[in-house]
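Inspection log for the structure reproduced underneath, given as structure tokens.
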2 protein chains.
Amino acid sequence: MSTIEDVARLAGLSRTTVSRVLNDHPYVSDEKKKLVQQAMEHLGYVPNSAARSLRNQKSQIIAVLIPKISTPFFSQLIEILEMAASAKGYQLIICQTQFSKQKERSYLNLLKTKQVDGVIMTSIENDWSIIDSYLNYGPIVLCNEVVEQAEIPMVFINQTKSGYMIAKHLLERGHKHIAYCSNGYISEGMTARKEGFIKALAEAGIHFQSKLHFERVSTVNDGKHIFREMENLNICPTAIFTGSDAVAAGIISEAKKAGWSLPDDLAIVGYDNMELTEIIEPMVTTVILPVEEMASKAMDVIYEKIHKKQFRSFEKHEFASKLALRDSTMFRRNLVATS
Amino acid sequence: MSTIEDVARLAGLSRTTVSRVLNDHPYVSDEKKKLVQQAMEHLGYVPNSAARSLRNQKSQIIAVLIPKISTPFFSQLIEILEMAASAKGYQLIICQTQFSKQKERSYLNLLKTKQVDGVIMTSIENDWSIIDSYLNYGPIVLCNEVVEQAEIPMVFINQTKSGYMIAKHLLERGHKHIAYCSNGYISEGMTARKEGFIKALAEAGIHFQSKLHFERVSTVNDGKHIFREMENLNICPTAIFTGSDAVAAGIISEAKKAGWSLPDDLAIVGYDNMELTEIIEPMVTTVILPVEEMASKAMDVIYEKIHKKQFRSFEKHEFASKLALRDSTMFRRNLVATS
DNA sequence: TTGAAAGCGCTAACAT
DNA sequence: ATGTTAGCGCTTTCAA
């Protein structure tokens with residue numbers, strides 16, 4: 001492996017001049033420049049990135065903290081983040097926290113060791129006070145999360161509006177008994193979503209009963225179980241917001257097995273607009289998230305913070321979700337008939 | 001940010017001793033060791049990874065080259081790879097080639113710049129001769145690909161057996177007109193899969209007609225189109241291997257819309273065992289890949305090669321796929337009836 | 001058991 | 001326009 005020294009020697013010049021050519025600095029005559037380039041070419045020279053990192057005090061690497069990468073939403077997010085990072089000359093290190101506080105902290109340590117120039121967090125496990133202390137070492141940007149007290153940039157969906165929109169849609173379809181699912185992950189966003197949901201119901205004069213809230217539901221199998229549980233309620237809901245397309249799929253699958261007619265017997269709203277929502281029968285009404293926009297924004301922001309060396313700043317970048325109206329919440333036959 | 005120098009000064013010792021404590025070297029008295037640890041604690045000292053990389057000539061980072069991370073198979077693979085890397089004290093850099101030769105080369109350059117200690121390739125775009133030249137700079141391991149001439153470790157599925165098994169299954173179900181889909185990506189593995197498929201047919205005295213080979217088919221939408229195309233064939237196949245669960249889903253969705261009864265009118269085999277295969281109607285017979293085993297093996301192997309500094313070695317680590325038998329290839333009523 | 005000193009490969013003052 | 005030199009933070013001979 002040849003070094004800048006080798007190039008300099010071969011070109012009959014100093015390391016400085018070679019470095020200048022390497023970094024496109026002015027004040028290098030075209031003649032010497034060509035000499036250097038030829039030498040580089042000849043030796044197959046490539047600058048050593050560890051040396052550069054040490055000298056420049058920056059690694060050109062960004063860490064992305066994520067609970068579990070195989071979740072479709074997160075893998076989509078990473079896909080865009082990686083493309084955006086690559087376009088800006090950065091590499092992306094993937095850090096799966098697996099919902100562990102300890103793992104999250106160990107990955108945040110990459111900031112202290114200077115292995116990364118910045119961190120994008122897509123979920124939060126530790127108390128904010130703990131995470132806050134890492135801000136002395138580099139910028140952190142939240143993407144897909146909100147922490148009110150955090151003095152950092154946040155890129156997020158307005159979950160209050162999201163929850164409100166979902167409930168409103170089901171109310172408009174004539175539903176009064178509406179169930180709500182969440183995945184058990186507690187965050188300000190999740191709280192806001194439920195608040196928005198309850199607010200819409202309240203405006204329609206409906207009091208949300210907590211027995212209609214199913215917690216810790218996130219997989220297809222969870223959806224199947226939920227359906228069984230729902231069947232056993234005295235008053236079975238006529239609609240359900242599942243919080244996840246996978247859960248929606250599970251419910252639908254089990255409901256069909258039980259001979260229910262969808263959406264007449266049960267209206268269903270998913271979340272994330274996964275591909276399968278357009279494949280299963282009935283096609284699932286779901287929530288579309290602006291994944292690309294959020295990822296791009298998060299990358300733009302972390303880039304800016306890295307370069308301004310500004311680690312603390314209270315910035316909110318709010319995005320809105322949309323509802324994809326599909327068959328699983330079509331007007332119900334029986335309602336139409338009796339109205 | 002405090003350095004090893006600061007720690008040494010505060011502890012009243014030399015940098016050498018601090019470094020020894022840091023790296024668990026012998027010949028440090030417990031007394032001094034405690035002193036150093038206290039000083040580290042007090043300063044919140046963390047070693048700078050760029051300095052370590054430069055000095056040790058290794059980065060503790062591995063690059064994973066992947067076409068597109070949001071593909072379920074690849075995101076599963078990455079999930080396991082990341083966990084395995086983390087367990088061994090390595091970070092993972094994600095590199096999406098997006099099927100571009102140029103991008104692939106630029107990511108392989110991470111090996112030259114010493115930004116990574118090794119590369120795991122899950123797909124190959126450039127000719128082997130080009131990739132081979134990077135072996136002078138570090139180890140490369142193939143995971144999910146085979147290149148016969150490549151002098152490096154390869155972790156892969158025996159695609160010949162895979163294709164053979166699929167065809168055999170459909171033949172046993174009484175099918176004679178069987179269609180075959182591929183995603184247009186050309187590799188030795190894909191070639192082998194088709195060969196195995198054709199071999200099984202040949203053994204049953206069936207000549208595979210190339211008009212039953214649909215190329216460049218990989219998405220749900222492609223599946224929908226394929227169904228339309230198939231309908232228009234003089235002799236419509238009674239079974240189809242789709243090469244992808246997404247394609248299978250598309251075909252099923254469109255076939256049902258057209259009023260076909262599945263699997264009676266058309267038997268379908270998917271690939272990858274994605275979650276949706278158990279959700280859609282009928283549940284899809286598909287191929288299960290040992291993703292975890294392959295990922296773990298790939299990580300073990302690259303780790304070994306990094307530490308042995310052995311960049312060339314002809315090693316094949318072969319795995320087998322399994323068939324998940326489900327409703328989409330159940331015995332056909334009409335066949336049973338007429339038999 | 002501990003320390004002094006050299007050096008990994010690069011960049012940027014500073015000098016010329 | 002080009003070169004000299006110091007130093008980023010760490011580890012490792014080598015010497016004591």
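Every chain is numbered from 1 and lettered A, B, ... according to where its sequence line falls, protein lines coming before strand lines. Just so we're clear, the structure is a prediction, and the values are computed from it rather than from any experiment.
For B:I130, the CD1 atom counts as densely surrounded, since its 6.0 Å shell holds more than 12 non-hydrogen atoms of other residues, nucleotides or ligands. With a 6.0 Å radius and a threshold of 12 heavy atoms from other residues, nucleotides or ligands, B:F314 has its CZ atom above the threshold. The environment of A:D30 atom CG is sparse: at most 12 non-hydrogen atoms of other residues, nucleotides or ligands sit within 6.0 angstrom.
Residue B:K33 is the one, among B:K33 and B:A51, whose nearest nucleotide of DNA chain C lies closer to the 5' end (criterion: closest heavy atom). Nucleotides of DNA chain C nearest to A:V46 and B:E31 differ in position, and the one nearer the 5' end is that of B:E31.
Taking atom CZ of residue B:R9 and atom P of nucleotide C:dT2, one finds them 20 Å apart after rounding to whole Å. One interatomic measurement links the two molecules: CG of B:L54 to C1' of D:dG7, which rounds to 12 Å at whole-angstrom precision. If you take CG of A:N48 and P of C:dG7, they are 17 Å apart, rounded to a whole angstrom.
When base pairs are accepted only as Watson-Crick or G-U wobble with both N-N or N-O distances under 3.5 Å, DNA chain C takes part in stems of 3 or more pairs at C:1-16 with D:1-16.
Residues meeting the ring pair (Phe, Tyr, Trp, His ring centres under 6.0 Å) test with B:H307, sequence neighbours left out: B:Y303. Applying the salt bridge (Lys or Arg N to Asp or Glu O under 4.0 Å) criterion to B:E151, with sequence neighbours excluded, gives B:R312.
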Revision key, fill the gap. Per-nt protein contacts along nucleotides 11-16 of chain D (heavy atom under 4.0 Å; B base, S backbone sugar-phosphate only, - none) come out as BB----
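Evaluation of the side-chain hydrogen bond (donor to acceptor under 3.5 Å, both in side chains) test over residues 31-45 of chain A, restricted to residues two or more places apart or in two chains, returns none. Residue pairs meeting the side-chain hydrogen bond (donor to acceptor under 3.5 Å, both in side chains) criterion with at least one member in residues 139-149 of chain A, sequence neighbours excluded, are A:E148-A:K316.
Exactly one residue among B:I140, B:I152, B:L142, B:V119 makes a side-chain contact (heavy atoms from CB on, under 4.5 Å) with B:I131. That residue is B:I140.
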